[in-house]
Amino acid sequence: MHESVRPGGHLPQARAAAEDTLRILLAEDDPADALLTTELIEDSGLNASVTRVANAQDAAAKLRAGDVDCLVLDLHLPDLQGIGALSDFLPTLPSTAVVVMTGLDDRAAGLAAVRAGAQDYLVKGQVEAEWLARTIRYAVQRKRAERAASDLQAARWRAAENVRLERGLLPTPLLHKAPLKVTSRYLPHRSGALLGGDFFDVVETNDGVVHAMIGDVSGHGPDEAALGAALRVAWRTLVLVGHTGPELLDSLEQLLMAERRNDETFTTLATLTWFPGDSHARLVRAGHPGLLLRHGGAVKLLDSAHGPALGIVPGLSEWPEARVPMEPGSELLFYTDGLYENRDEDGRLWGIDRMVETANELAHLADRQFIDGLIASTRDRTGRGDCDDVAVLHLRIGGAGA
Amino acid sequence: MDLYLSTRHEGDRTVIEVGGEIDVYTAPKLREQLVDLVNQGRYHLVVDMEAVDFLDSTGLGVLVGGLKRVRAHDGSLRLVCTQERILKIFRITGLTKVFPIHQSVEEAISATD
C-alpha cells in the first residue's frame with residue numbers, strides 16, 4: 001500500500017494504533033495482581049486491549065473463540081493443575097502466544113511451561129512495565145515466526161509427497177539389452193495440486209523378455225495416486241516373478257479390490273509382453289483404449305479384442321490376448337484417456353478418432369516432436385484447463401531413429 | 001458446463017434423465033441422486049444418458065457404484081444410450097458387460113430380467 005507522508009514525517013496515529021493493537025487475554029484469579037498487571041501494560045505504552053478472566057476454563061473458551069494475540073497466564077489459577085493440563089492445550093493454539101506468570105519460588109514451573117509450548121515466563125513482583133511490554137511483543141513475534149515456519153514445513157511435505165508419488169507412479173524403465181528406446185510424458189490435470197492415478201512401467205526380465213504397461217485409476221486425488229503407485233509396484237513385482245497376460249491381470253484385480261477405498265474405483269490397464277526378435281508381442285487390455293502404432297509414416301489405432309477394466313466384474317472377467325506387430329523401426333504409443341478427453345476451440349470433444357487423425361497429420365515428425373506435438377494439439381482450448389491427467393509411454397522398436 | 005438431473009417415477013421404475021457433463025466435478029451430484037433414490041426404496045432405476053455430453057472415469061465409477069447399491073436390494077440399473085461416443089466408452093471399459101443398455105426409455109421401462 002502506498003501511503004502519503006505529511007510534512008513532519010508522521011503517519012496518522014489512529015491508523016497505526018488500530019493495526020498494531022495487541023489483543024491480550026489476562027488469566028489471573030487474584031484481583032490485585034490482575035490490576036497490577038493491567039496497569040503495567042498501560043504504563044508500558046504498548047498498544048493493547050486487555051481482557052481478563054479469572055480461571056483456566058474461561059480462558060480456554062475465549063481462546064477457542066479466537067482473536068487473542070497473547071495469553072498472559074497465572075500458573076496458580078485454581079482450576080489449572082500445574083503444567084500438566086497446559087501441556088496438552090498449548091500446542092493446539094495456532095496463533096496465540098503465551099506468557100506465563102510464576103511466583104518467585106517457582107521458576108522451575110515457568111521453564112516447564114516454556115518447554116510445554118509457552119513463548120516466555122515472568123516472575124511476579126519482579127516485572128517492570130517496559131520489560132513486560134517487550135516480553136509480550138517478543139512472544140507474539142516468536143509465535144508468528146513459529147507459525148510461518150510450520151506453514152512452510154507443511155508446503156515442503158506436500159511437495160515431497162508429490163515427488164514420492166511421482167516416483168511411485170512414473171518410474172525409470174528397467175531395461176538392460178532390449179533393442180527399445182523408451183520415451184514418456186506425464187501432465188497433471190487442471191487443478192495440478194496433486195498427481196492423479198495414471199501410471200506406467202517398462203521392465204526387462206532376466207530371460208530378456210520386455211514387459212510394458214500403462215494404467216489409469218478412475219477419479220483424481222491422493223487416494224487414487226497412492227492406489228496407482230501400489231498397482232504399478234505390484235505389476236513390476238508380479239512381472240519379475242514371472243507372471244504375464246490374463247493371470248497377471250487377475251492378481252492385480254484382486255489387489256485393487258483389497259486396496260481400493262470405495263467400490264466405485266476401477267482401473268484400466270494395458271500390458272504388453274515381447275521377446276526381442278519376435279515379430280509380434282502379446283497385448284492384454286483391461287478397459288484401456290487401444291495402442292497407437294506408427295510405422296512407415298502412418299499411425300494406426302490397434303483396436304484389438306479386450307476385456308473389462310479391473311474392478312468392474314471382479315473375478316469374472318476374461319481378458320483375451322491380442323497380437324501386436326513389432327517390426328524394427330516401428331513405434332508403439334501407450335496413452336491414458338486424458339489424451340483425447342479435452343475440447344477444441346469450438347467446444348467439441350477430441351475423442352479417439354480425431355486424436356488418431358491428428359496423430360496422422362503429425363506422423364512425419366521425429367519421435368520427440370511427434371509425441372509432444374500430439375499432446376500439445378489435443379490440449380484443452382476452451383480455457384477451462386485439461387480435464388484429466390495425461391500419461392504417454394512411447395516405445396521405439398529396434399532403437400533406430402530419433 | 002454443468003450436470004442436469006430430473007427424475008420421474010413410472011410404476012416401480014424410476015427414470016433419471018441426465019444432461020450435460022458427468023466428470024470429476026459433477027459426478028458427486030449424480031451419486032447423491034442415486035443414493036437418495038435407493039434410500040427412498042427405489043431399486044429399479046433407468047438412467048437416460050441421451051443428453052449426456054461428456055462422461056469421464058469418475059462418472060463411470062458412479063454408475064458402477066449405483067449398480068452395486070440397487071443390486072444389494074435385488075434391484076436393477078438400466079442405461080438408455082444411443083450416442084456412439086458414449087457407447088464407445090462403455091465398450092472400451094467393459095461396462096457393456098454389467099449394464100443392460102437400451103435404445104429408448106420405453107424399452108428400458110418395459111424390459112424384464
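Chain letters run A, B, ... following the sequence lines, proteins first and then strands; every chain starts at 1.
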*Measure the spacing between CD1 of Ile312(A) and CG of Leu67(B) and express it to the nearest 0.5 Å.*
9.5 Å

*Is the CZ atom of Arg261(A) crowded by more than 12 outside heavy atoms at less than 6.0 Å?*
no

*Which of these, Val62(B), Leu60(B), Val64(B), Leu63(B), sits in a side chain to side chain contact (heavy atoms under 4.5 Å, CB included) with Glu264(A)?*
Val62(B)

_Under 3.5 Å: donor-acceptor pair, side chain of His306(A), backbone of Gly94(B)_ = no

_Testing the basics here: between Ser57(B) and Ser218(A), what is the closest heavy-atom pair and its distance to 0.1 Å?_
OG-CA, 3.4 Å

_Heavy-atom pairs under 4.5 Å with chain A - which of Gly66(B), Gly59(B), Gly61(B), Ala27(B) has more of them than the others?_
Gly61(B)

*Is the count of non-hydrogen atoms from other residues, nucleotides or ligands lying under 6.0 Å from Arg323(A) atom CZ greater than 12?*
no

*Do any pairs count as a salt bridge (charged side-chain N to carboxylate O under 4.0 Å, His left out) and have a residue in residues 95-108 of chain B, sequence neighbours left out, and if so which ones?*
none

*For the residue pair Asp353(A) and Lys88(B), establish whether any side-chain heavy-atom pair is separated by less than 4.5 Å.*
yes

*Among the listed options Asp337(A), Leu349(A), Thr382(A), Ile352(A), the residue most often paired with chain B at heavy-atom distances under 4.5 Å*: Leu349(A)

*Validation row: Arg343(A), Asp53(B) side chains within 4.5 angstrom (heavy atoms)*: yes

*Measure Arg31(B) against the heavy atoms of chain A and call it side chain, backbone, both or neither at under 4.5 Å.*
side chain

_Where at least one partner belongs to residues 300-319 of chain A, residue pairs that pass salt bridge (charged side-chain N to carboxylate O under 4.0 Å, His left out), sequence neighbours excluded_ = Arg285(A)-Asp303(A)

